[in-house]
Asks: 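Would you mind keeping the following structure in view while I ask a few things?
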Number of protein chains: 2
Amino acid sequence: MQTSHQPTLDRTHRIGLSLPPTTAPAGQDCPDIGALEQQATTISVHKDAELYAQGDPARYCYRIVAGCVRTVKLMDDGRRQINEFLLPGDWLGVEALAEHDLAAEAVTAVTVRRYPRRALDQAAGHDCRVAHWLLGIASRQLRNARDRMVTLGRKSASERVAGFLLEMVDRVPHESAGHVPLPMSRGDIADHLGLTIETVCRCLAQFRRDGTIALGRATFAVRSQAALLALARATRH
Amino acid sequence: MQTSHQPTLDRTHRIGLSLPPTTAPAGQDCPDIGALEQQATTISVHKDAELYAQGDPARYCYRIVAGCVRTVKLMDDGRRQINEFLLPGDWLGVEALAEHDLAAEAVTAVTVRRYPRRALDQAAGHDCRVAHWLLGIASRQLRNARDRMVTLGRKSASERVAGFLLEMVDRVPHESAGHVPLPMSRGDIADHLGLTIETVCRCLAQFRRDGTIALGRATFAVRSQAALLALARATRH
DNA sequence: CGGTCGGTTGAGCTAGATCAAATCCAGTGG
DNA sequence: CCACTGGATTTGATCTAGCTCAACCGACCG
């Protein structure tokens, strides 16, 4: 991982949503967003730069405006687990305790809106709706984490990859012709799914040969939703 | 840190230990617990009985008083992932959305204190401290879940088992002579760690042969803390 | 005392890891 | 515009950690 760049502060105030529509299901807006916005800053981060490191004091939290962010845990010997990929509309670092227990890195060039956690805590302290909203974010993250634990603990490689593709279909706004962008590298996908790069490649290649998906370099398209759903066996109910 | 901690008998107020995060916020009770207690019921559950099922509407949440509870996700074909084991003092179901996304089952005979979630939601609605306390519980669960994802995605079988034993050492009050009870079956441990029963057995047997642990039928004792720590490689920082 | 149910141990088997070798672009410089 | 270069991706060949299948053991129980 390159430590090449510091996050570059960028004050350009983006007024309109010059963005693709946010399909991210991260939840409703913060009830008291108006007051918070005054203390927020818009920041641009280069590809592969770090928003924050494992163990950094959690002074800020972030909302992704554009681009893709990964949250990462490292073991001493370099083994890596990517907790999740965050997309426009998603919140990041809201649920942290005193320190961030994950690093956050830019998968692509990224624009985020940065909020002081102190302000958010204060808002939560006198407006229960804000506190409730925060709890909602944390609860959804927890639900996702639990689903991912089934994936990591009990699913086969092709189930993992198929499930991942379906998740991307739902989360990433499609390009024309049903093509879904896949901004992260094979290595990132592997470290997210608990596999190796080669296994991810082989699964994707297999799906392509079977006519289940079409595969571009950094995009894919679902050819047979049914086949993909069958590959990614769901948890009960 | 030695293995010869004095047995902590006050289970509901264990203070946070350095190693593994527990679900219960170490000593922090719900700020408004008094009012809630009036709406709570004490319930006994038989071994292997269900407190609630996957998909049940989340009408209640629980605090474990005695015994051990597992939270479980099932796949259609019967594969099982145990999310966590809950011990006295831990809260259960607090972070649920409308429905429980995990089943909860009694590992041993269990006594729980049951609270109506509606009452808790109301309390959270007019007392921000309660909302904040709930957020704390969810945040700690999230941190645990993330650590477990590294375990499931990237650790070897013996690392998983060694880490599990160390977690138990810190969470379960010791019996005399440093013996730690292991209330759950090998199958439960396997489904928690993403392994098979046989692999769990073999790892434990190996540790015993190496003199790292002593092994009873439903207990174990750490013989070499250092060896066990070395086996369970930690995540960085 | 026989039966059942966890747990343990042994003997292969295999999904996925590892090692190695193309191949494919994207970006660079001429 | 084109050749060149370096990293990412793909594919192939082999290896192995952990799974599966099967036998056995020992505690508990009616």
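Owing to the predicted nature of the structure, the values given are computational and were not obtained by experimental measurement. Labels below follow one simple rule: chain letters A, B, ... track the order of the sequence lines, proteins then strands, and each chain is numbered from 1.
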Asks: Quick one: are the ring centres of B/Y52 and B/Y60 less than 6.0 Å apart?
Replies: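 No, the ring of B/Y52 stays outside the 6.0 Å limit from the ring of B/Y60, centre to centre.
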Asks: Are A/F220 and A/H179 an aromatic pair by the rule of ring centers under 6.0 Å?
Replies: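 Between A/H179 and A/F220, which both carry aromatic rings, the centre distance is not below 6.0 Å.
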Asks: Map A/G216 and A/R154 onto DNA chain D by nearest heavy atom, then report which one ends up closer to the 5' terminus.
Replies: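 The residue whose closest nucleotide sits nearer the 5' end is A/G216.
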Asks: Quickly work out the A/D191 CG to D/dT9 P distance and round it to whole Å.
Replies: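 It works out to 12 Å between those atoms.
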Asks: Using whole Å, what does the distance between atom P of nucleotide D/dT14 and atom CZ of A/R202 come to?
Replies: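 That distance rounds to 13 Å.
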Asks: Reckon A/L195 touches a base, only the sugar-phosphate, or nothing at all at heavy-atom distances under 4.0 Å?
Replies: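 Here A/L195 touches the backbone only, sparing every base.
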Asks: Report which part of the nucleic acid A/G194 touches: base, sugar-phosphate, or nothing (heavy-atom distance under 4.0 Å, all strands).
Replies: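 Touches sugar-phosphate only.
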Asks: Just compare C/dT8, C/dG10, D/dT10 and give me whichever is closest to any side-chain atom of A/I197.
Replies: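 Nearest nucleotide to the side chain: D/dT10.
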Asks: Starting from C1' on D/dA8, measure out to CG on A/D48 and report it in whole angstrom.
Replies: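 Going from CG in A/D48 over to C1' in D/dA8 covers 12 Å.
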Asks: Considering non-hydrogen atoms only, spot the tightest contact between A/Q54 and A/D101 and give its length.
Replies: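 For A/Q54 versus A/D101, the nearest heavy atoms are CG-O, 3.6 Å.
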Asks: Go through D/dT20, C/dT8, C/dG6 for me and flag the one nearest to the B/T196 side chain.
Replies: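 The nucleotide sitting nearest to the side chain is D/dT20.
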Asks: C/dG7 P sits how many Å from B/D188 CG, rounded?
Replies: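 From B/D188 CG to C/dG7 P: 9 Å.
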Asks: If you assign each of A/S158 and B/A205 to its closest nucleotide in DNA chain C, which residue comes earlier from the 5' end?
Replies: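 Result of the comparison: B/A205.
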Asks: Do NZ/NE/NH1/NH2 and the carboxylate oxygens of B/D147 and A/K73 come within less than 4.0 Å?
Replies: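 A/K73 and B/D147: salt-bridged.
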Asks: Send over the distance from B/R217 CZ to C/dG6 C1', rounded to a whole Å.
Replies: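 The answer, rounded to whole Å, is 6 Å.
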Asks: Rounding to an integer number of Å, can you tell me how far A/R79 CZ sits from C/dT18 C1'?
Replies: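 These atoms are roughly 15 Å apart.
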Asks: To the nearest angstrom, how far is B/L182 atom CG from C/dG7 atom C1'?
Replies: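 It works out to 13 Å between those atoms.
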Asks: For A/R208, report the nucleic acid contact type (base, sugar-phosphate, nothing); a contact means any heavy atom under 4.0 Å.
Replies: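 Sugar-phosphate, backbone atoms only, no base.
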Asks: Can you tell me which nucleotide in D/dT11, C/dG10, D/dT9 comes closest to the side chain of B/E198?
Replies: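 Within the option list, the nearest is C/dG10.
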Asks: Please tell me which of the listed nucleotides, D/dT10, C/dG16, D/dT9, lies nearest to the side chain of A/S185?
Replies: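 The closest nucleotide is D/dT9.
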Asks: Less than 4.0 angstrom from a charged side-chain N to a carboxylate O is my criterion; do A/D210 and A/R223 meet it?
Replies: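 Salt bridge absent between A/D210 and A/R223.
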Asks: Round to the nearest Å and state the distance from B/K47 atom NZ to D/dC28 atom P.
Replies: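 Interatomic distance, NZ of B/K47 to P of D/dC28: 13 Å.
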